[in-house]
Amino acid sequence: MAGRLLYRASTDHNFQLAVLRGMDPQVGVDVDPYHFANLWDAVSLQYDGSQTYGTIIAAEASGKLHPVGTLKNESSRLFFRDFYGLPPYSPHHLGSADAGIGYAHSGWDGRLGRPQPTYSEPGLRDLLGEMISKDQQARMDAIQAEGDERKRLMHDVATIDADNLVRLKKIFAEHGFPDVGMVGRDGVSTVFLLVQHADSDTAFQKQALALARPLMLSRQLSRQQYAYLVDRVLLAQGKKQLYGTQVSIKGGKPSPLPVEDAAHLDSRRLSMSLGPESDYLDQIEAQYSQH
């Protein structure tokens, strides 16, 4: 019901966006990912005729499917559909769920809510939440600081990473790589991010990567995140990366570290729900210029 009311609040688009962004932490928990993306698209179509996630589809007389309006924010579309295990967006993967949505012009009538999931390891899920909160806050503080203060805060980041690594090893010894049933999709993602920050122990990262592969193949883990760790592990072994996720920055300009078979880089990236390398580098440059 709240979703329907929000859809009808079309005279205040900024309010609509603020509410949608406020829902983000609950998406995948008790907010359904597909219907959340669909509501975002319906609200955007009202405002400027665009979609981000490409969930609102129309059929031509020939039966061919196409998205209503224009598409924008490809990186968000790729990440969201990948992260939550939704079908990838492409002209060859427009599913029956997308095609069946007919309320783009008659009023949104989706089902945002879903039952609160149960987890087999709720205590572990809470622990992971504490670990990632410290991880992210420390990194945010360091990024925003300058000079000697940044150096001091980066030391704090290293200390937190070391503490988290000890905890991670205990978690893996007891549970293996936690899966969705244990800690939820966001919990699995948290584990993977913490593993990526365990650069001081590349042997552990390699072990975690092997354990994560079945989760990635069963859509319990984002292919994008998996690709990032593949590249980190390969580079740590003195090999070339596969997906161009790891870069160096000189003079504010990012460039990929050595890549295997660079001519086919973008096709490999697409297979892991990553956008073109040139777009990725542009995003990094834009973020770097802000700091």
Side-chain angles (χ1 to χ4, degrees), residues 24-29 79 83 117-216 220-238 241 243 245-249 257 284 287-288 290-291:
D24 188 69
Q26 295 305 116
V27 178
V29 181
F79 175 78
F83 184 84
T118 57
Y119 309 106
S120 63
E121 298 293 338
L124 175 57
R125 177 178 166 83
D126 290 342
L127 174 61
L128 291 169
E130 295 172 8
M131 292 167 66
I132 198 62
S133 178
K134 292 180 180 178
D135 173 290
Q136 293 296 286
Q137 187 61 57
R139 281 173 161 77
M140 184 178 297
D141 291 344
I143 289 173
Q144 293 174 345
E146 296 180 356
D148 291 342
E149 179 68 5
R150 173 174 285 187
K151 291 180 181 179
R152 183 186 70 79
L153 291 172
M154 286 306 298
H155 176 75
D156 291 346
V157 169
T159 299
I160 289 172
D161 285 349
D163 291 343
N164 281 343
L165 176 57
V166 172
R167 290 181 169 186
L168 276 176
K169 287 185 172 182
K170 290 181 180 179
I171 290 170
F172 274 64
E174 183 175 353
H175 301 283
F177 201 118
D179 62 22
V180 169
M182 293 179 185
V183 296
R185 184 174 293 275
D186 54 337
V188 174
S189 175
T190 292
V191 174
F192 208 77
L193 183 57
L194 292 169
V195 168
Q196 289 192 66
H197 292 165
D199 288 327
S200 63
D201 194 333
T202 54
F204 173 70
Q205 286 184 321
K206 184 178 180 181
Q207 172 198 1
L209 185 65
L211 294 174
R213 181 171 173 78
L215 297 181
M216 182 271 292
Q220 297 186 61
L221 174 69
S222 161
R223 286 172 290 187
Q224 289 192 11
Q225 290 175 306
Y226 184 81
Y228 274 81
L229 189 58
V230 167
D231 283 352
R232 289 171 93 110
V233 169
L234 287 172
L235 290 170
Q237 295 174 335
Q241 59 179 330
Y243 304 110
T245 64
Q246 306 302 300
V247 304
S248 63
I249 298 178
L257 294 171
I284 293 176
Q287 292 172 356
Y288 187 87
Q290 295 174 3
H291 302 291

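Computed from a prediction, not measured in an experiment: that's the story for all the values here.
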>> For Y243 and Q224: C-alpha separation, side-chain torsions, deciding distance, then whether side-chain contact (heavy atoms from CB on, under 4.5 Å) applies.
In response: CA-CA 9 Å; Y243 304 110; Q224 289 192 11; over 6 Å; no
> Less than 4.5 Å apart, any side-chain heavy atom of D186 and any of R125?
Replying inline: yes
> Got V191 and F172 here, is their nearest side-chain heavy-atom distance under 4.5 Å?
Replying inline: yes
Compare every heavy atom of [Y] with every heavy atom of [X], then report the nearest pair and how far apart it is.
X    : Y    : result
L153 : A145 : CD1-CB, 3.6 Å
A198 : L165 : CB-CD1, 3.8 Å
P117 : Y119 : CG-OH, 3.1 Å

> Between the side chain of Q241 and the main-chain N/O of Q246, is any donor-acceptor distance below 3.5 Å?
Replying inline: yes
>> Keeping T159 on the side-chain end and H155 on the backbone end, is there a donor-acceptor pair under 3.5 Å?
In response: yes
>> As a quick check of understanding, evaluate side-chain contact (heavy atoms from CB on, under 4.5 Å) for D161 and S200, giving each step before the final call.
In response: CA-CA 9 Å; D161 285 349; S200 63; over 6 Å; no
From [atom1] ([X]) to [atom2] ([Y]), nearest 0.5 Å:
X    : Y    : atom1 : atom2 : result
L128 : D135 : CG    : CG    : 11.5 Å
K134 : L194 : NZ    : CG    : 12.0 Å
I171 : N164 : CD1   : CG    : 8.5 Å
Y226 : D231 : OH    : CG    : 11.0 Å
M154 : I143 : CE    : CD1   : 8.0 Å
L193 : S222 : CG    : OG    : 11.0 Å

Going by atom type alone, with no hydrogens or angles, which donor-acceptor pairs under 3.5 Å involve a side-chain atom of residues 201-215 and a protein atom two or more places apart or on another chain?
unit_1 : atom_1 : unit_2 : atom_2 : d
D201   : OD1    : A203   : N      : 3.4
D201   : OD1    : F204   : N      : 3.0
D201   : OD2    : K169   : NZ     : 2.5
Q205   : NE2    : V195   : O      : 2.9
Q205   : NE2    : Q196   : O      : 3.2
Q205   : NE2    : D199   : OD1    : 3.0

>> Salt bridge check, D156 against R152: does any charged N sit closer than 4.0 Å to a carboxylate O?
In response: yes
Can you give the donor-acceptor pairs under 3.5 Å from side chains of residues 173-184 to other protein atoms, not counting sequence neighbours?
unit_1 : atom_1 : unit_2 : atom_2 : d
D179   : OD1    : G181   : N      : 3.2
D179   : OD1    : M182   : N      : 3.0

> Would M131 and T190 count as a side-chain contact (heavy atoms from CB on, under 4.5 Å) if you check the C-alpha gap in whole Å, the side-chain angles of each, and the deciding distance to 0.1 Å?
Replying inline: CA-CA 9 Å; M131 292 167 66; T190 292; 5.9 Å; no
